[in-house]
Amino acid sequence: MDENFEKNTTLSDLTTLKIGGPAKEFIVVKTEQELIDAIKYAKENNLNFLVIGSGSNLLVSDEGFNGLIIKNEVSGIEQNDQTLVVKSGTILQDLLDFANEKGLAGLQKMTGIPGTLGGAIFGNAGAYGQTISDHIIQLTCLNPQTLKSITLNKESSEFNYRDSIFKKNHFIILEVTFKLAQNDSHNLAKESQEILEKRLVKYPKDINCPGSFFKNIVVESLSKEILQKIPPEKIVFGKIPAGALLEDVGAKGQKLGDIEIATYHANLFINKGDGKAADFYELAKTYYQKVKAKFGISLEPEVQLINLPPI
Ligand SMILES: Cc1cc2nc3c(=O)[nH]c(=O)nc-3n(C[C@H](O)[C@H](O)[C@H](O)COP(=O)(O)OP(=O)(O)OC[C@H]3O[C@@H](n4cnc5c(N)ncnc54)[C@H](O)[C@@H]3O)c2cc1C
């Protein structure tokens, strides 16, 4: 099996931000058995391991990852009427296109979110009022300690705004079952297309970024004292967009090295060419601290930091 593992693979090639040093070892897996075997290998060789999808929500350090990166390409969609059983390495857009074509509603607004289904479940990805967990019936996961698979339902997966139990238990998501509603496939495609056009304004095709960097703030989670400091017009559907607070403290258009905060969106950090994780981190930390000082709010990264300290 050893020869299947690449050494010193550059992780910048595997992230949408195009940043990240080498992984000590790397493998692409295309079946669940290959995924399990890769984890076994890591355990037998005392290597840390990390399962990734498309690397669209990662900030990997310039030093890389001193362990095994497992890129999950275990994909496939099975349909039974309105029920879809989907492997976690399936590209989210492929799932959405499939559902739209079959006239199955409930995922169509998430069109344009890059990445795999597994990555979307991990962070409970969403857009335009839909989240990936909305229509889940059950999930099959792997406990990496025992290498046994277990089934969870929606409730036990503890989905919340950009959160799930998988951020805590580090189980590996293998397969997800959705029950969707029947609708007209033409209408669904039209809805997706309209959203895609809006998204292209914020995320042009060639942008090197990991999506929005910080999570928005759920108003309910804030104390009265903090809430008093927030102008009411900054609250949108029960959340304060992190971008609004970052903009208030002057983040828009700021630069460090080749990392630039978008001039049109203060929560969008872009690699303009040869960007470094260290500069990204420093810039994010600077504006994290400014927001903390002005509003008393500790922003929380939505993006997963790999081999970097918490912000
Ligand atoms: C241009 C752009 C636009 C974006 N827009 C949005 C948006 O509108 N809404 C939104 O929510 N997000 C958005 N994102 C962020 C990102 O696309 C999502 O978070 C996506 O779901 C991540 O999937 P991935 O496969 O790339 O995960 P990765 O980045 O590869 O991994 C992210 C995390 O998930 C874990 N993970 C991946 N697969 C598994 C698995 N099978 N089991 C357990 N853990 C796993 C990884 O270990 C890692 O911690 C955007 C990103 C970009 C670049």
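This structure is a prediction, so every number in the text was calculated from the model and none was measured.
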Only residue of Q182, K102, H135 satisfying side chain to side chain contact (heavy atoms under 4.5 Å, CB included) with Q82 is Q182
Any side-chain heavy-atom pair from I259 and I270 closer than 4.5 angstrom? no
Sorted by chain and residue number, the side chain to side chain donor-acceptor pair (under 3.5 Å) partners of D97 (sequence neighbours excluded) come out as Q93
For S54, the side chain to side chain donor-acceptor pair (under 3.5 Å) test, sequence neighbours excluded, returns none
Donor-acceptor pair between S192 and N100 side chains, under 3.5 angstrom:
yes
Using the rule given for side-chain contact (heavy atoms from CB on, under 4.5 Å), can you reason through R162 versus E300, listing the C-alpha separation, both sets of side-chain angles and the distance that settles it, and then say yes or no?
CA-CA 11 Å; R162 298 294 175 269; E300 197 189 320; over 6 Å; no
Applying salt bridge (charged side-chain N to carboxylate O under 4.0 Å, His left out) to E282 and not counting sequence neighbours gives none
Side chain to side chain contact (heavy atoms under 4.5 Å, CB included) filter on Q289, not counting sequence neighbours, yields K285
So the side chain to side chain donor-acceptor pair (under 3.5 Å) pairs with at least one residue in residues 63-80 (sequence neighbours excluded) are K30-E73, N72-S88
Is there side-chain contact between T16 and N208, with heavy atoms separated by less than 4.5 Å?
no
| Stepwise, does the ring-ring contact (aromatic ring centres under 6.0 Å, His included) test hold for F26 with F5? | CA-CA 5 Å; F26 172 71; F5 293 88; 9.5 Å; no
Worksheet entry | Contact check, side chains of Y288 and F214, non-hydrogen atoms, under 4.5 Å | yes
> Would one find more than 12 heavy atoms of other residues, nucleotides or ligands at under 6.0 Å from atom NZ of K18?
Replying inline: yes
Notebook entry, point to check: Does the side chain of L152 reach to within under 4.5 Å of the side chain of S157, using non-hydrogen atoms?
Noted result: yes
Please test F280 against F213 for ring-ring contact (aromatic ring centres under 6.0 Å, His included), starting from the C-alpha separation and ending with a verdict.
CA-CA 10 Å; F280 191 120; F213 185 68; 5.1 Å; yes
Check: Near K148 NZ, under 6.0 Å, is it more than 12 heavy atoms from other residues, nucleotides or ligands?
Finding: no
Across all chains, not counting sequence neighbours, the side chain to side chain donor-acceptor pair (under 3.5 Å) partners of K276 are D274
Those residues at least two apart in sequence (or on a different chain) that pass salt bridge (charged side-chain N to carboxylate O under 4.0 Å, His left out) with K252 are E247
In short, side chain to side chain donor-acceptor pair (under 3.5 Å) pairs touching residues 227-240 with sequence neighbours left out are K234-D248
Residue pairs meeting salt bridge (charged side-chain N to carboxylate O under 4.0 Å, His left out), one or both in residues 114-138, sequence neighbours left out, come to none
Contacts of K255 meeting salt bridge (charged side-chain N to carboxylate O under 4.0 Å, His left out) (sequence neighbours excluded), chain-then-number -> E260
So the side chain to side chain donor-acceptor pair (under 3.5 Å) pairs with at least one residue in residues 120-129 (sequence neighbours excluded) are N124-S133
Sequence neighbours excluded, the answer for side chain to side chain donor-acceptor pair (under 3.5 Å) partners of N307 is S61
query: So do F49 and E25 actually touch side chain to side chain, heavy atoms under 4.5 Å?
result: no
